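What follows is one structure encoded as structure tokens, with my remarks underneath.
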Amino acid sequence: MDTVIERIGASVGKEATLSGWVYNKRSSGKVRFVILRDGTGVIQCVFLKNQVPEAAFDLADSVTQESSVEITGIVREEKRAPGGYELTATNLKLIHLAEPYPITPKEHGIEFLMEHRHLWLRSARQHAVLRIRSEIVKAMRDYLDDNDFVLADTPILTPAAGEGTTTLFPVDYYGEQVYLAQTGQLYNEAIAASVRKTYCFGPTFRAEKSKTRRHLMEFWMLEPEVAFLDLAGDMTLAEELVAYTVQRVLAKRRAELATLERDTARLETVKVPFPRISYHEAIKLLQDKGKEIKPGDDFGGDEETLLGEAFDRPVMIHHYPAAIKAFYMKRDAGDPTLALAFDMIASEGYGEIVGGSQREDDLKEMQKRIEENKLPPQAFEWYLDVRRFGSFPHSGFGLGVERTVAWICGLKHIRETIPFPRMLEKVYP
RNA sequence: UCCAGCGUAGCUCAACCGGUAGAGCAUCCGGCUGUUAACCGGAGGGUCACAGGUUCGAGUCCUGUCGCUGGAGCCA
């Protein structure tokens with residue numbers, strides 16, 4: 001196996017050759033330090049004038065930031081080193097001399113960093129976020145895979161608007177106008193009738209003119225859908241999935257959370273059960289906190305923050321007014337003005353990370369909703385078939401991956417949670 | 001779309017009431033045997049976003065345009 005900095009401890013006292021990029025360098029006359037970054041970690045390499053070839057010693061001074069190099073040396077434990085190890089170099093080989101690197105070890109503004117996002121990803125913070133994001137996705141998929149879910153991906157190009165056309169990106173499809181997917185949910189419902197428990201995981205697209213720290217035009221969503229599951233069971237699935245994911249990141253990505261200076265005490269408490277309050281209880285809670293809000297209103301960013309802050313773990317709000325929720329959600333049998341829907345609001349002001357519901361499974365009722373919402377009925381015939389041929393109660397939800405990453409990492413802005421964010425009118429790089 | 005703030009060196013920022021354009025980092029040259037965003041000395045580097053106006057004189061004041069940032073709205 002190749003020697004990498006992450007596992008350098010196994011090579012103490014031995015010679016190792018590391019390949020990577022020059023993260024920084026320092027010089028003190030007859031001793032020179034090259035800080036090497038190899039993608040798994042960072043280690044300082046010490047060059048002593050009388051112990052390395054002259055060419056290598058010269059190169060240790062002239063090599064530029066982010067040049068790619070190969071460094072050979074003896075691995076040593078070192079108390080003063082942040083990672084605990086150091087390399088006493090015996091040689092340095094240049095692979096490519098980098099041009100002057102734009103992102104220096106000093107501060108930079110967000111505009112400049114976003115313009116250089118492809119290079120910014122190499123920095124310690126972004127590296128940590130990439131690794132945590134990967135762990136989060138793996139944890140979620142592991143949880144679902146281990147609980148009998150079948151991954152079945154849904155299309156990106158879709159023939160008709162899911163709900164209204166204003167938020168969709170139109171695409172020319174051999175002369176026909178189609179749209180980038182907003183959700184895989186409707187397809188998931190059909191798949192659930194085949195495999196009982198399914199999920200899709202992929203990008204979704206919104207053409208909204210949203211310009212906030214919580215919105216992206218292109219974001220990834222994890223959407224489970226389960227046959228014969230009601231709203232309460234749906235909430236249980238959501239809280240178990242989220243709690244498992246948070247605990248997994250705490251167990252496996254401590255170092256990265258530390259790099260991000262995340263207060264992990266706020267994550268330790270994220271265990272089941274999560275608090276569940278009804279929409280009307282939430283309204284009352286907000287009114288008690290002095291918010292001017294009345295039953296029937298939807299929650300804005302401020303309200304979500306207040307609700308999230310009221311608990312030490314994510315809170316689930318259920319039984320929203322049907323009027324402010326999607327057409328396919330089942331109504332409450334006792335009060336048809338309410339939808340069997342829930343949102344999960346993350347703690348610490350990160351807002352909604354999960355939105356789910358029990359789906360309408362009655363054919364007549366669904367036909368009525370499609371008509372009321374002025375949706376093109378022919379585009380939904382296949383969807384109605386799910387209600388025509390052995391209709392079944394079923395529920396599911398969508399989990400926004402980037403908002404979840406922002407919350408777990410403690411990032412202020414969602415743009416750092418995905419390698420190349422698609423922001424309002426910004427698609428470079 | 002609306003509101004607010006900001007556009008000065010490659011980067012991050014200063015420049016007081018309108019009076020000669022400045023620092024740190026980066027780059028180049030030199031010094032230092034343990035540095036941790038190393039440090040010390042030196043050098044080069046400017047269409048003060050763009051256009052117009054006021055003034056003896058504008059980076060600074062006024063108008064417009066463009067761009068960026070934050071927020072609102074919008075938002076399964």
Side-chain angles (χ1 to χ4, degrees), chain A residues 23-35 42-52 57 60-62 64-66 76 78-83 86 88 98-116 119-120 123-124 161-164 166-168 181-186 188 204-217 219 221 223 225 298-302 304-305 320 322 324-329 339-344 351-357 359 373 395-400 403 412-415 423-426:
Chain A
Y23 193 64
N24 201 356
K25 62 176 184 186
R26 289 180 276 272
S27 165
S28 183
K30 296 197 175 59
V31 58
R32 287 171 181 166
F33 306 93
V34 172
I35 293 88
V42 170
I43 193 168
Q44 176 161 276
C45 307
V46 186
F47 293 77
L48 296 164
K49 187 175 172 65
N50 49 19
Q51 288 177 33
V52 295
F57 192 72
D61 185 54
S62 62
T64 52
Q65 187 188 353
E66 288 303 317
R76 197 161 41 72
E78 172 59 68
K79 284 205 186 77
R80 289 170 288 186
E86 235 176 37
T88 302
E99 294 177 26
Y101 193 65
I103 302 179
T104 65
K106 294 283 178 176
E107 292 169 16
H108 297 281
I110 190 64
E111 179 186 356
F112 180 80
L113 289 170
M114 288 307 294
E115 189 78 6
H116 296 84
L119 301 177
W120 188 24
S123 71
E163 18 194 293
T166 54
T167 65
L168 295 166
Q182 234 185 355
T183 170
Q185 186 221 305
L186 305 191
N188 271 345
T204 48
F205 305 88
R206 283 189 193 171
E208 281 138 19
K209 299 257 180 187
S210 293
K211 196 173 166 255
T212 82
R213 68 181 74 180
R214 291 173 183 170
H215 286 91
L216 292 171
M217 306 303 106
F219 64 98
M221 195 151 63
E223 296 179 276
E225 189 74 29
D298 204 356
F299 304 130
D302 277 3
E304 284 189 357
T305 299
Y320 280 82
I324 58 171
K325 286 290 176 186
F327 75 94
Y328 51 72
M329 295 179 177
L340 296 179
F342 80 99
D343 284 352
M344 185 190 292
E352 180 189 340
I353 55 173
V354 172
S357 66
R359 323 304 190 185
N373 286 271
S395 302
F397 59 83
L399 180 147
R403 286 184 181 180
K412 284 195 187 69
H413 201 298
I414 200 167
R415 67 188 155 211
M423 314 280 289
L424 184 59
E425 289 160 7
K426 282 187 92 72

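Just so we're clear, the structure is a prediction, and the values are computed from it rather than from any experiment. First the proteins, then the strands, lettered A, B, ... as listed; each starts at 1.
- Base engagement by A:Gly29 is indicated by at least one non-hydrogen atom pair under 4.0 Å involving a base atom.
- Contact annotation for A:Met329: no contact, since no heavy-atom pair falls under 4.0 Å across all strands.
- Residue A:Phe112 is in sugar-phosphate contact alone, with no base atom involved, counting any heavy-atom pair closer than 4.0 Å across all strands shown.
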When you compare the protein's N or O atoms with those of nucleotides 24-27 of chain B, which come within less than 3.5 Å of each other, and at what distance?
none

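- For A:Glu111, taking side-chain heavy atoms from C-beta onward, the closest of the listed nucleotides B:C75, B:U12, B:G67 is B:G67.
- Computed from coordinates, the A:Arg214 CZ to B:G73 P distance equals 10 Å when rounded to whole Å.
- The closest donor-acceptor contact from the side chain of A:Glu223 to the backbone of A:Gly184 lies under 3.5 Å.
- The base of B:C11 lies outside donor-acceptor range of the side chain of A:His108, with no N or O pair under 3.5 Å.
- Comparing the P positions of B:A58 and B:C25 gives a spacing of 34 Å, expressed to the nearest Å.
- Only the C1' atoms considered, B:C50 is 10 Å distant from B:G67, to the nearest whole Å.
- With both ends at atom P, the span from B:A49 to B:A9 equals 8 Å, rounded to whole Å.
- Every residue meeting the side-chain contact (heavy atoms from CB on, under 4.5 Å) condition with A:Arg76, not counting sequence neighbours, appears here in chain and number order: A:Val46, A:Glu78, A:Glu86, A:Thr88.
- Comparing the P positions of B:U47 and B:U8 gives a spacing of 12 Å, expressed to the nearest Å.
- Rounded to whole Å, the separation between the C1' atoms of B:U20 and B:G46 comes to 15 Å.
- A:Gln182 has its CD atom 16 Å from the P atom of B:C74, to the nearest Å.
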Identify all pairs in which a protein N or O lies below 3.5 Å from an N or O of nucleotides 70-72 of chain B, and state each distance.
| from | atom 1 | to | atom 2 | distance (Å) |
| --- | --- | --- | --- | --- |
| B:G70 | OP1 | A:Arg415 | NH1 | 2.6 |
| B:G70 | OP1 | A:Arg415 | NH2 | 2.8 |
| B:G70 | N7 | A:Lys211 | NZ | 3.1 |
| B:G71 | OP1 | A:Arg213 | NE | 2.3 |
| B:G71 | OP1 | A:Arg213 | NH2 | 2.2 |

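- For A:Ser210, the side-chain contact (heavy atoms from CB on, under 4.5 Å) partners two or more places apart in sequence, or in a different chain, are A:Glu208, A:His215.
- A:Tyr23 contributes no side-chain N or O that, together with a main-chain N or O of A:Val34, makes up a donor-acceptor pair within less than 3.5 Å.
- Put simply, the side chain of A:Lys25 never gets that close to the backbone of A:Ile35: no donor and acceptor are under 3.5 Å apart.
- Side chains of A:Tyr320 and A:Asp298: a donor-acceptor N/O pair is absent below 3.5 angstrom, by distance only.
- Atom CD of A:Glu78 is separated from atom C1' of B:U35 by 11 Å (rounded to the nearest Å).
- Remark on RNA chain B: of its neighbouring residues A:Leu424 and A:Pro82, the 5'-side contact belongs to A:Leu424, judged by nearest-heavy-atom nucleotide.
- Minimum interatomic distance between A:Gln182 and A:Phe205 (heavy atoms only, all atoms of both residues): CG-O, 3.7 Å.
- Nucleic acid contact class of A:Glu86 (heavy atoms, under 4.0 Å, all strands): base.
- The interatomic distance linking A:Phe47 (CZ) with B:G34 (P) rounds to 17 Å, in whole Å.
- Note on ring orientation: taking the six-membered ring where Trp is involved, the planes of A:Phe112 and A:His108 are parallel (angle under 30°, cut-offs 30° and 60°).
- Between B:U12 and B:C68, the distance separating the two P atoms is 15 Å to the nearest Å.
- Atom CZ in A:Phe57 sits about 16 Å away from atom P in B:U35, given to the nearest Å.
- The separation between A:Glu115 atom CD and B:G10 atom P is 15 Å, rounded to whole Å.
- With both ends at atom C1', the span from B:G19 to B:C61 equals 15 Å, rounded to whole Å.
- Side chains of A:Thr204 and A:Arg206: a donor-acceptor N/O pair is absent below 3.5 angstrom, by distance only.
- Among the protein residues, A:Gly398 comes within range of no part of the nucleic acid, since none of its heavy atoms lies under 4.0 Å from any strand.
- Using a 4.0 Å heavy-atom criterion, one finds that A:Ser357 contacts no nucleic acid atom at all.
- A:Asn50 comes within 4.0 angstrom of a base, heavy atoms only.
- A cation-pi arrangement is present between A:Arg32 and A:Phe57, with the terminal nitrogen or guanidinium carbon under 6.0 Å from the aromatic centre and inside a 45° cone about the axis.
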Problem - Derivation and outcome, salt bridge (Lys or Arg N to Asp or Glu O under 4.0 Å), residues A:Glu304 and A:Arg214 - result: CA-CA 12 Å; A:Glu304 284 189 357; A:Arg214 291 173 183 170; 3.5 Å; yes
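- Spacing of P atoms, B:U69 relative to B:C32, comes out at 46 Å, to the nearest Å.
- Syn is the conformation of B:C17, whose glycosidic angle sits no further than 90° from 0.
- A:Arg213 contributes atom CZ, which lies 12.5 Å from atom CZ of A:Arg403 (distance to the nearest 0.5 angstrom).
- Considering only residues two or more places apart in sequence or on other chains, A:Glu66 meets the side-chain hydrogen bond (donor to acceptor under 3.5 Å, both in side chains) condition with A:Arg37, A:Arg122.
- When rounded to the nearest whole Å, the span between CE of A:Met114 and C1' of B:C68 equals 12 Å.
- Across all strands shown, A:Glu223 has heavy atoms under 4.0 Å from base atoms, whether or not it also approaches the sugar-phosphate.
- A:Arg32 has its CZ atom 17 Å from the P atom of B:C39, to the nearest Å.
- Side-chain N or O atoms of A:Thr64 include one that pairs as donor or acceptor with a backbone N or O of A:Ala98 at under 3.5 Å.
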Exercise for the section: Any chance you could encode RNA chain B as dot-bracket? Rule is Watson-Crick or G-U wobble with both distances under 3.5 Å; [ ] for pairs crossing earlier ones, | for another strand. Expected result: (((((((..((((.....[..)))).(((((.......))))).....(((((..]....))))))))))))....
